[in-house]
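Step one of this worksheet: look at the structure below.
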There are 2 protein chains.
Amino acid sequence: MNQKQPTSRIFKNEIYGQLARIGKAISSPRRIEILDLLAQGQKSVEVLARETGMSIANVSQHLQTLLDARLVRYEKRGNYSYYRLADESVSDFLVAMNLLAENRLADVKHIRQEFYSKYDETDPIELDTLIDRIENGDLTLMDVRPRDEYEAAHLPHAVSVPIDELEKHLSHLPKDQEIVVYCRGKQCVYAVQAVRQLRKKGYQAYRLEEGIQEWKYRNRPIETNQ
Amino acid sequence: MNQKQPTSRIFKNEIYGQLARIGKAISSPRRIEILDLLAQGQKSVEVLARETGMSIANVSQHLQTLLDARLVRYEKRGNYSYYRLADESVSDFLVAMNLLAENRLADVKHIRQEFYSKYDETDPIELDTLIDRIENGDLTLMDVRPRDEYEAAHLPHAVSVPIDELEKHLSHLPKDQEIVVYCRGKQCVYAVQAVRQLRKKGYQAYRLEEGIQEWKYRNRPIETNQ
DNA sequence: TTACCATTCAATTAATTAATTGAATAGTTT
DNA sequence: AAACTATTCAATTAATTAATTGAATGGTAA
């Protein structure tokens, strides 16, 4: 029956239709992973494909969806399209979603715990408790993300040792102080792998669970080389 | 080709699969509307169906999806199932999504502006600027939501005049002070309708855009009659 | 016990979405 | 000009999702 809907019903349908654009954009695991990667800095389609294991065409399709939802933007330089998060509010929203998922979905905690326990990991530590010691030179804060991500933004006082260069540094690090390692955040495995390698060489190393995204979310200062 | 995936890829796929449960839950305009209603207090399936214009079976289907994503919970009392938001973090997340949508989607602002302009509305006002005047008895803060929502939680110093009872009150209100009206928030039309009716009778009435959800999100105190 | 009520379940249909594959496009290099 | 490169587009296929309809379930009232 084609009954006329009241203005308020039409208004609500339109508004909720718009809000659902955000929901649809993040209903795909693939697009959430892409967004998480972009939270660390701009990336090309090719780089996103390699990092996620998806085909280039598939990544491009997903990026079009994210563009349509206004969560990302891009600039072309030559053959390359460099994508980035549309603005900081997108990153904040991703952190909020992570917090909700951790809070509500037992599976999230379980999957993380099971994965990290394979590395015989102690619990991660929190940056707040360390900031004084880092400033005093008491310990080393190590960023093991790709260097371009470090250059884009990093935690204060962090040194950059990309995971694929760690091997070369294993004999050159100061042995007399603890090393705290971080990477892209809770969905990234670089830090846990780096801690394992460092401990194998006798260093006192620990994993920091937070990355720059969580840090920005809490309005803490970030350093950049740009 | 059935190539073995590294442990880290499996881990990421599992974690992002979990995060996508949240995204999928809110990818439907219908489910977002249901969540927004539940942010105002517990409701039965029948009430949700009436408020949203959906069939009871359809509401129930959507609620099962939200249950599966752990965003809602319910208790049965006799024939009735009373649904509510799983906890406060769900409400916070909904507010964050709203903020993001407003920030990113020009259509959201546009749809709201177009709708409210039909009511010849002035811009809404903010509670922060009013709190002193309300406490001094200078103006009246009026909650026009259904009374059970008011009882569940309301802004400090608010009086309850459900929209469908406003007609009866139109001759009894103090004429010498301004009236500030609020309802469920930015997706609700009760406040704008109430302001229109009040102005027609000569009252100085204004619409408050925020509701209890935004207020709680900013960690401001809420009153309850429960 | 029977009738009524609110809700959930199941089957169906239509619409939407995700990944793949190959073509098309636009910029760069030779 | 031709070849190469990164990316986007379009068509296809399979899977998933949303709404409807009617049956089933469990609690209450008569």
Side-chain angles (χ1 to χ4, degrees), chain A residues 1-3 5 9 12-13 16-17 19-35 37-38 42-69 71-84, chain B residues 1-3 5 9 12-13 16-17 19-35 37-38 42-69 71-84:
Chain A
M1 192 236 286
N2 206 13
Q3 198 165 27
Q5 288 181 313
R9 177 40 48 192
K12 284 179 181 181
N13 286 349
Y16 284 116
L19 291 176
R21 279 171 75 186
I22 305 291
K24 284 181 199 289
I26 56 168
S27 65
S28 156
R30 308 304 224 159
R31 288 196 287 280
I32 301 174
E33 184 169 2
I34 289 172
L35 289 171
L37 284 167
L38 294 177
Q42 69 171 17
K43 293 188 189 304
S44 66
V45 180
E46 188 178 67
V47 167
L48 289 169
R50 189 166 65 243
E51 291 274 358
T52 58
M54 298 194 277
S55 70
I56 286 173
N58 201 15
V59 168
S60 183
Q61 296 273 86
H62 283 300
L63 285 167
Q64 301 318 306
T65 302
L66 292 172
L67 270 174
D68 188 64
L71 299 186
V72 300
R73 56 187 169 85
Y74 75 107
E75 62 181 336
K76 269 185 88 66
R77 279 189 247 120
N79 277 341
Y80 289 85
S81 292
Y82 287 98
Y83 283 83
R84 64 174 73 229
Chain B
M1 196 237 285
N2 205 15
Q3 200 166 25
Q5 287 180 313
R9 175 42 47 194
K12 285 179 181 179
N13 286 349
Y16 285 116
L19 292 177
R21 281 172 73 187
I22 304 291
K24 283 179 198 290
I26 56 168
S27 65
S28 156
R30 308 303 223 161
R31 286 196 289 281
I32 301 174
E33 185 169 3
I34 290 172
L35 289 172
L37 284 166
L38 294 177
Q42 67 171 19
K43 294 186 188 305
S44 66
V45 180
E46 187 179 66
V47 167
L48 289 169
R50 188 166 65 245
E51 292 275 358
T52 58
M54 297 194 278
S55 71
I56 285 171
N58 201 13
V59 169
S60 184
Q61 295 275 86
H62 284 299
L63 285 167
Q64 299 320 306
T65 302
L66 292 172
L67 270 173
D68 187 62
L71 298 187
V72 300
R73 56 189 169 83
Y74 75 107
E75 62 180 337
K76 270 186 85 69
R77 279 190 248 119
N79 277 344
Y80 290 83
S81 291
Y82 287 97
Y83 283 84
R84 63 176 70 234

Item to complete: Return the set of residues passing side-chain hydrogen bond (donor to acceptor under 3.5 Å, both in side chains) with A:Arg9 (not counting sequence neighbours), or none when no residue passes.
Response: A:Asn13, B:Glu33

Item to complete: Specify the residues of residues 22-34 of chain B, ordered by number, for which at least one heavy atom lies under 4.0 angstrom from an atom of DNA chain C.
Response: none

Fill in: DNA chain D: 5'-most and 3'-most nucleotides touching chain A, 4.0 angstrom heavy-atom criterion
D:dT5 to D:dC9

Worksheet item: Which of residues 47-55 of chain A have a heavy atom under 4.0 Å from DNA chain D?
Response: none

Just the atom pairs and distances: protein N or O near nucleotides 24-30 of chain C's N or O, under 3.5 Å.
from   : atom 1 : to      : atom 2 : distance (Å)
C:dG27 : N3     : A:Asn79 : OD1    : 3.2

Fill in: With sequence neighbours excluded, residues passing salt bridge (Lys or Arg N to Asp or Glu O under 4.0 Å) with B:Arg21
A:Asp107

Item to complete: Please list, chain by chain and in numerical order, all residues satisfying side-chain contact (heavy atoms from CB on, under 4.5 Å) with B:Tyr74, sequence neighbours excluded.
Response: B:Leu67, B:Lys76, B:Ser81, B:Tyr83

Worksheet entry | Residue pairs, two or more places apart or on separate chains, that pass salt bridge (Lys or Arg N to Asp or Glu O under 4.0 Å) and touch residues 43-56 of chain A | A:Lys43-A:Glu149, A:Glu51-A:Arg184

Worksheet item: With B:Arg84, which residues qualify under side-chain contact (heavy atoms from CB on, under 4.5 Å), at least two apart?
Response: B:Gln42, B:Arg73, B:Glu75

Worksheet entry | B:Tyr80: side-chain hydrogen bond (donor to acceptor under 3.5 Å, both in side chains) partners, not counting sequence neighbours | none

Discussion item. Nearest 0.5 angstrom please: B:Thr52 OG1 to B:Leu37 CG, how far?
Written reply: 7.0 Å

Worksheet item: Just how far is it from atom CD1 of B:Ile32 to atom OG of B:Ser27, taken to the nearest 0.5 Å?
Response: 8.0 Å

Discussion item. Rounded to whole Å, please give me the gap between OH in B:Tyr83 and C1' in C:dT7.
Written reply: 8 Å

Would you give me the side-chain donor-acceptor pairs under 3.5 Å for residues 55-63 of chain A, sequence neighbours excluded?
from    : atom 1 : to      : atom 2 : distance (Å)
A:Ser55 : OG     : A:Asn58 : N      : 3.1
A:His62 : ND1    : A:Arg31 : NH1    : 3.0

